[in-house]
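Below: the structure, in structure tokens.
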There are 2 protein chains.
Amino acid sequence: MKKKRISITDIANALQVTPSTVSRALNGGGKVSEKKRLEIISLAKKLGYRPNPIAKSLLANRTQTIGLILPEFTHHFYSRVLAGIESITSKAGYQLLICTSNENQNQEIKSTLTLLDARVDGILATISKMNDKFEHIQEVMDSGTPLVLVDRFSEEIETPYVISDDFKGAFSAVDYLCQIGCKNILHIKGPDNLSTTFNRFMGYKEALRKHNMPLKEELVLESSDPKLVEKIRLCLTRHQVDGAFTYSDYLAFEIYKLASQLKIQIPEELSVIGYADEPISTYISPTLSTVNQQPFEMGAMSARYLLNKINDPEVALEVKNLETKLMIRESCKVVETQS
Amino acid sequence: MKKKRISITDIANALQVTPSTVSRALNGGGKVSEKKRLEIISLAKKLGYRPNPIAKSLLANRTQTIGLILPEFTHHFYSRVLAGIESITSKAGYQLLICTSNENQNQEIKSTLTLLDARVDGILATISKMNDKFEHIQEVMDSGTPLVLVDRFSEEIETPYVISDDFKGAFSAVDYLCQIGCKNILHIKGPDNLSTTFNRFMGYKEALRKHNMPLKEELVLESSDPKLVEKIRLCLTRHQVDGAFTYSDYLAFEIYKLASQLKIQIPEELSVIGYADEPISTYISPTLSTVNQQPFEMGAMSARYLLNKINDPEVALEVKNLETKLMIRESCKVVETQS
DNA sequence: CTGTTAGCGCATTCAC
DNA sequence: GTGAATGCGCTAACAG
């Protein structure tokens, strides 16, 4: 059975004063005689008094709680985002209420309403992959609850964002492949419907353009394609692919597998760059070049942004783009530099 | 600015009844004339009324909230535990308040008090690596807040546990290595002070004993040893090691690296089994044999246990041991079966 | 300086 | 059936 906690009234009774006096003494605000204040404080400490935030919330209409909706927990990227968020919110004295959408919009909607019901002071969310309903987002905005969207962008939702600069990230990767002399660069796209997929593809195209290289349709594959493996094989055998840039590190590993089967040497014959900098990238052989998105910093930044928004609703509504870092490892061929 | 939500009183005023009546109509409990009940319900829906859980909490002394303390978020294992917990709590209508200790006991203590202050209905926690203070745990118990400890066990704390059967998990791995004919089996231990480290080591010893193999001190290394890499090298070159069982998958990858340097073939000359079944295990080459701890199930089980405890404080205090699964992959040599 | 009053939103007595 | 009263724990406005 949950034991009754000692309340302000308990210590008021014990000291023959009113709860108001106790409240004032404890909060320092009002004027209380030095003698009583000390008495009260010492008794409070002795009794292990801890204020009830529930009561305060009811009164103040603030809960000191941030709601968080993530598409999944298991992905390394999101756990880093979570860690970044927590590092900021805990320091700021906020609790973190956590939900997942499991990449399912219905669950996202449910989670959103749950958080709204819980009267969180603000919401951080990454929208799920399939998103065609926006009423729940509208409801958040209507309720006046500050909202910051993380990682994934949607044209339909006008709110603060903290996202990764996928365009530049992809551009830097493909630009690098071009620089080291790759002539036929394969790209495997991510899930449809995701801003990240689109932007990384755009970065790929732009880098090709910069180097005056044609965009070859047969070198652009879809990760959702059931025949993906076959098509990669075709690219590797028929189309003289000597470079690859994939939407994720795991897709890069698919290329590793096929290259190994086909006895194609990485990086000598094929340079590969993935995306996300999964920890596995440095353990696999050859170590994988990839694009680091600074997920921890992304989480921290979005939390800071949200807290600002909570404390000052006039804070500008902007899309913050986080720089990516190109991590070149063993999977890219080394070009002799003429010195 | 957070907009004022519509309350039970608002709809009472609109309908010329008292809040009591509205409350009864909405909760179904008391007797309300059918006409009024319908009126009230329809207006409530129209106005988008949602009960304020804060007010209910204050009244009921229950928050429908579970507190969770994890040593870290980033580790794959803990994110699976988290996912398992969430899958249960969300279905049961509980919120999840999340904290991390960062493997630091002071932060663990702080988080514990935060959760207690927040009046969570129960706490799930994995104690941090270094643990020598137990007052905060005692405080949880004194407060009457149900507590279930996950993954790591401590003799000092008497409370429900859900842990993995590390002994059997380790035993099954080393037993397998013996069965396929390994004669000199290296073990790399985990961090001191952890029940998991101890139990896996015990499992290692017991398997050796079963096969009448001597425990060789020089084949047991400490992961915290600054000279670990050198010592592994020594084992591999001098001590005819032909099998290895490590506290974690990542330690197994250290062996992979050294074996590659020393031109020792895995699994032909050296069979390796890790622990935890990190996703990376199936991507690395050769794919790593390992022990799966069912972290999702562990999370789910601990959440179920806690909910039971919350609903019935008389629930037995026990240590639930979760079965492990030995995952044999390419890193173990194949023995011809005589058929 | 300190006590009284009131109210945050709700559910639960107890009268009528 | 329904309203009035009470209180969960706390703070704030107002008296004194």
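Being a predicted model, the structure only gives us computed values, none of them experimental. Letters A, B, ... are given to chains in the order of the sequence lines, protein chains preceding strands, and every chain is numbered from 1.
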Are side-chain N/O atoms of A:Glu108 and A:Asn104 paired as donor and acceptor at under 3.5 Å? no
Without hydrogens or angle criteria, can the side chains of B:Tyr49 and B:Asp10 be said to hold a donor-acceptor pair below 3.5 Å? no
Integer-rounded Å distance: D:dC10 C1' and A:Leu59 CG: 6 Å
Report the distance from atom CZ of B:Arg62 to atom C1' of C:dT12, rounded to the nearest whole Å. 15 Å
Checking D:dT11, C:dT2, C:dC10 against the side chain of B:Ile8 (C-beta onward), the nearest is C:dC10
Test item: side-chain donor near acceptor, A:Asn106 and A:Lys133, under 3.5 Å: yes
Could you tell me whether B:Thr18 contacts a base, only the sugar-phosphate backbone, or nothing, with contacts defined as non-hydrogen atoms closer than 4.0 Å? base
Judged by atom type as modelled, is there a donor-acceptor pair below 3.5 Å linking the side chain of A:Ser128 to the main-chain atoms of A:Pro71? no
Which residue lies toward the 5' end of DNA chain D, B:Val17 or B:Arg119, if each is placed at its nearest nucleotide? B:Val17
Round to the nearest Å and state the distance from B:Asn61 atom CG to D:dG7 atom P. 17 Å
Rounded to the nearest angstrom, tell me the gap between atom NZ in B:Lys2 and atom C1' in C:dC8. 13 Å
Output the rounded distance in Å from CD1 (A:Ile11) to C1' (D:dG9). 13 Å
Between A:Thr21 and A:Thr18: side-chain donor-acceptor atoms closer than 3.5 Å: yes
Nearest to the side chain of A:Lys56, which nucleotide is it out of C:dG9, D:dT11, C:dA11? D:dT11
Output yes when at least one side-chain N/O atom of A:Lys36 is less than 4.0 Å from OP1 or OP2 of C:dT2, else no. yes
Over all strands shown, is B:Ser33 touching base, sugar-phosphate only, or nothing at heavy-atom distances under 4.0 angstrom? sugar-phosphate
Mind calculating the distance between CG (B:Asp10) and P (C:dC8) to the nearest angstrom? 10 Å
Given atom CZ of A:Arg5 and atom C1' of D:dG9, what is their separation to the nearest angstrom? 12 Å
Count the heavy atoms belonging to other residues, nucleotides or ligands that lie under 6.0 Å from CD of B:Glu158, then report whether that count exceeds 12. no
Please write out each protein N/O paired with an N/O of nucleotides 13-16 of chain C under 3.5 Å, distance rounded to 0.1 Å.
unit_1, atom_1, unit_2, atom_2, d
C:dT13, O4, B:Arg24, NH1, 3.4

Hey, are A:Thr126 and A:Arg152 close enough side-chain-wise for a donor-acceptor pair under 3.5 Å? no
At less than 4.0 Å, is any side-chain N or O atom of B:Thr9 found next to OP1 or OP2 of C:dG9? Yes or no. no
Is there a donor-acceptor contact under 3.5 Å linking the side chains of B:Asp121 and B:Thr63? yes
So, OP1 or OP2 of D:dT11: does either fall under 4.0 Å of a side-chain N or O from A:Asn27? yes
When B:Ala55 and B:Thr21 are each assigned the nearest nucleotide of DNA chain D, the 5'-most assignment goes to B:Thr21
Phosphate OP1/OP2 of C:dC8 contacted by B:Asn52 side-chain N/O (<4.0 Å): no
Touch class at under 4.0 angstrom, heavy-atom based, for B:Pro19 against every strand present: nothing
Take atom CG of B:Leu58 and atom C1' of C:dT12, then tell me their distance rounded to the nearest Å. 14 Å
